[in-house]
Amino acid sequence: MNLEDQRDRALRRPVHDDRTAAVLGISLAVCFGVCFLTGLYSHFLQQPPSWLDWPARPAWLYRVTQGLHVATGFATVPLLLAKLWSVYPRLFRRPPVVDVAHAIERLMLVPLVFGSVFLLFTGVGNVARWYPWGFYFPAAHYAAAWITVGALIVHVGAKARVARAALARPPRSPALVSVDPPAGALGRRGFLGAVATAAGVVTLTTAGQTVTPLRPLTLFAQRRPDIGSQGVPVNKSAVQAGVTDAATAPGFRLRVRGDVHRELELTAGELDAMAHDEVELPIACVEGWSVSARWRGVPVRTLLDAAGVDPEREIDVTVESLQGGGRFRASELNHHQARDRDTLLAVAVNGQRLNLDHGYPCRLIGPNRPGVLQTKWVTELVVRT
Ligand SMILES: Nc1nc2c(c(=O)[nH]1)N[C@H]1C(S)=C(S)[C@@H](COP(=O)(O)O)O[C@H]1N2
Ligand SMILES: [Mo]
């Protein structure tokens, strides 16, 4: 049998036909869509355009969207592998292209396939803290997402009619299945069942990093939220951040400065004495793990009031850490976030004084913020109009 005959036979097996491709394609499009939108949300929370002041509420929103982002991303891995395997015989069609539109459609498969593989590889790598590359992950992942989604839209546009027709036919239509699978090989049902099981198992064993009842199953999760000091995993330790000496020095001060009526300077003890507010808020890391905790601290707005900042004034606050370098050493609070009653400089978590790794003497914790913006070892609040 020559190559062409082989391809024809393969294509007529149910696992390679257009119905299987349609089912996998729709599942992938849904996962990619959710992953893309939640990813965009995460991106613009961390890098808001100047005209966009995100609301601080609902407090749990980022925990849910980022959990979904990582869960749909992981579920996409088996779906994508299955889809590529299901459709690869079509790559060798003769003639390779029939007209210009078809050529464009086929060319778009390059960014679609490479973009998808790149996104999943870098995403899973980031969750595993494995960086076998030289570029900055968020920027590359973000750019690749636009390229991939652009190619995906073209692909969906080109394939929508074929997919609809394939799904409208009865599943055992003789026009569709003319070659029986070889003995022992999977039929469509068996194949799709296996793929769905794989996607389900990956999702269940990842989701435990967000969903408490699934914790015993957290096989692929980078963090077991219940393992870590004071009931919260540690992202970067005080030793890694190089802040141990500065954080424990008697000379430590929290300063509130910038566009204020009077500057404040508080010792760790003074801050502790002011910390009467208790809130329940999650830390929700971009890597997908999240955990809720009880925090005790001083609301940022109490400090702003003490510094004589007019509550009506539109302000931003830069939260600076003792950490000397690194991308997460500072974060921004917009007006809504800075004025929210639950945005605290926390000094205690789950009934214990914050330990060094969680940000002693004080750390920021606020509603609906990605973990990277919950700055630890805070030493300065700089108010800007
Ligand atoms: N100064 C500083 N703050 C930081 C970080 C950091 O590296 N440096 N990491 C952030 C990230 S990515 C997360 S997820 C949370 C985790 O807080 P935890 O270590 O107390 O769980 O801290 C955030 N605050
Ligand atoms: Mo994080």
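Heads up: numbering here begins at 1 and tracks the sequence. Each ligand, and each atom within it, is numbered from 1 in the order the structure gives. Please read these numbers as outputs of a predicted model, since none were measured by experiment.
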> For atom 6 (C) of ligand 1, what's the nearest protein heavy-atom neighbour? Residue, atom name and distance, please.
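Here the nearest protein heavy atom works out to Phe328 CB, 3.6 Å.
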
> I'd like to know if the side chain of Asp17 pairs up with that of Thr20 as donor and acceptor (distance under 3.5 Å, no hydrogens or angles considered).
yes

> Does Asn355 offer a backbone N or O that forms a donor-acceptor pair with the side chain of Gln230 under 3.5 Å?
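A pair under 3.5 Å: yes.
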
> Counting only heavy atoms, which portion of Glu287 has something under 4.0 Å from ligand 1: side chain, backbone, both, or neither?
neither

> Just to be sure I read this right, does ligand 1 sit under 4.0 Å from the backbone of Ile283, its side chain, both, or neither, counting only heavy atoms?
side chain

> By number and element, which atoms of ligand 1 are closer than 4.0 Å to a non-hydrogen atom of Val234?
19 (O)

> Tell me which part of Asn235 gets within contact of ligand 1: side chain, backbone, both or neither, using heavy atoms under 4.0 Å.
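Contact part for Asn235 vs ligand 1: both backbone and side chain.
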
> Counting heavy atoms only, name the option from Gln374, Arg363, Arg369 that's nearest to atom 17 (O) of ligand 1.
Arg363

> Please write down residue, atom name and distance for the protein heavy atom closest to atom 20 (O) of ligand 1.
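The closest heavy atom on the protein side is His358 ND1, 2.7 Å.
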
> Do Asp18 and Lys159 sit within salt-bridge range, that is, some charged N less than 4.0 Å from a carboxylate O?
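No.
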
> Got Thr148 and Phe36 here, is their nearest side-chain heavy-atom distance under 4.5 Å?
no

> Any luck finding a side-chain donor-acceptor pair between Thr379 and Glu320 under 3.5 Å?
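Side-chain D/A pair, Thr379 to Glu320: absent.
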
> What part of Pro233 sits under 4.0 Å from ligand 1 if we count only heavy atoms: the side chain, the backbone, both or neither?
backbone

> Pairing donors with acceptors under 3.5 angstrom, does anything connect the side chains of Ser321 and Arg363?
no

> Distance under 4.0 Å to a non-hydrogen atom of Trp289: what atoms of ligand 1 satisfy this?
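Matching atoms, with element in brackets: 14 (S), 21 (O).
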
> For atom 13 (C) of ligand 1, what is the nearest protein heavy atom, given as residue, atom name and distance?
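Looking only at protein heavy atoms, the one closest to atom 13 (C) of ligand 1 is Gly371 O, 3.4 Å.
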
> Let me confirm one number: the CD1-CG distance from Ile104 to Leu109, rounded to the nearest 0.5 Å.
12.5 Å

> Determine whether the side chains of Ser229 and His358 contain a donor N or O and an acceptor N or O closer than 3.5 Å.
yes

> Nearest non-hydrogen contact with atom 8 (N) of ligand 1 belongs to which option: Arg329, Lys376, Lys236, Gln323?
Gln323

> Check the angle between the aromatic planes of Trp133 and Phe135 and answer parallel, tilted or perpendicular using the 30° and 60° thresholds.
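Taking Phe135 first and then Trp133, their aromatic rings lie parallel (interplane angle under 30°).
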
> Taking 4.0 angstrom as the limit and counting only heavy atoms of Val232, give me the atoms of ligand 1 inside it, by number and element.
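Close to Val232: 21 (O).
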
> Which option out of Cys285, Ser321, Ser290 puts a heavy atom nearest to atom 14 (S) of ligand 1?
Cys285

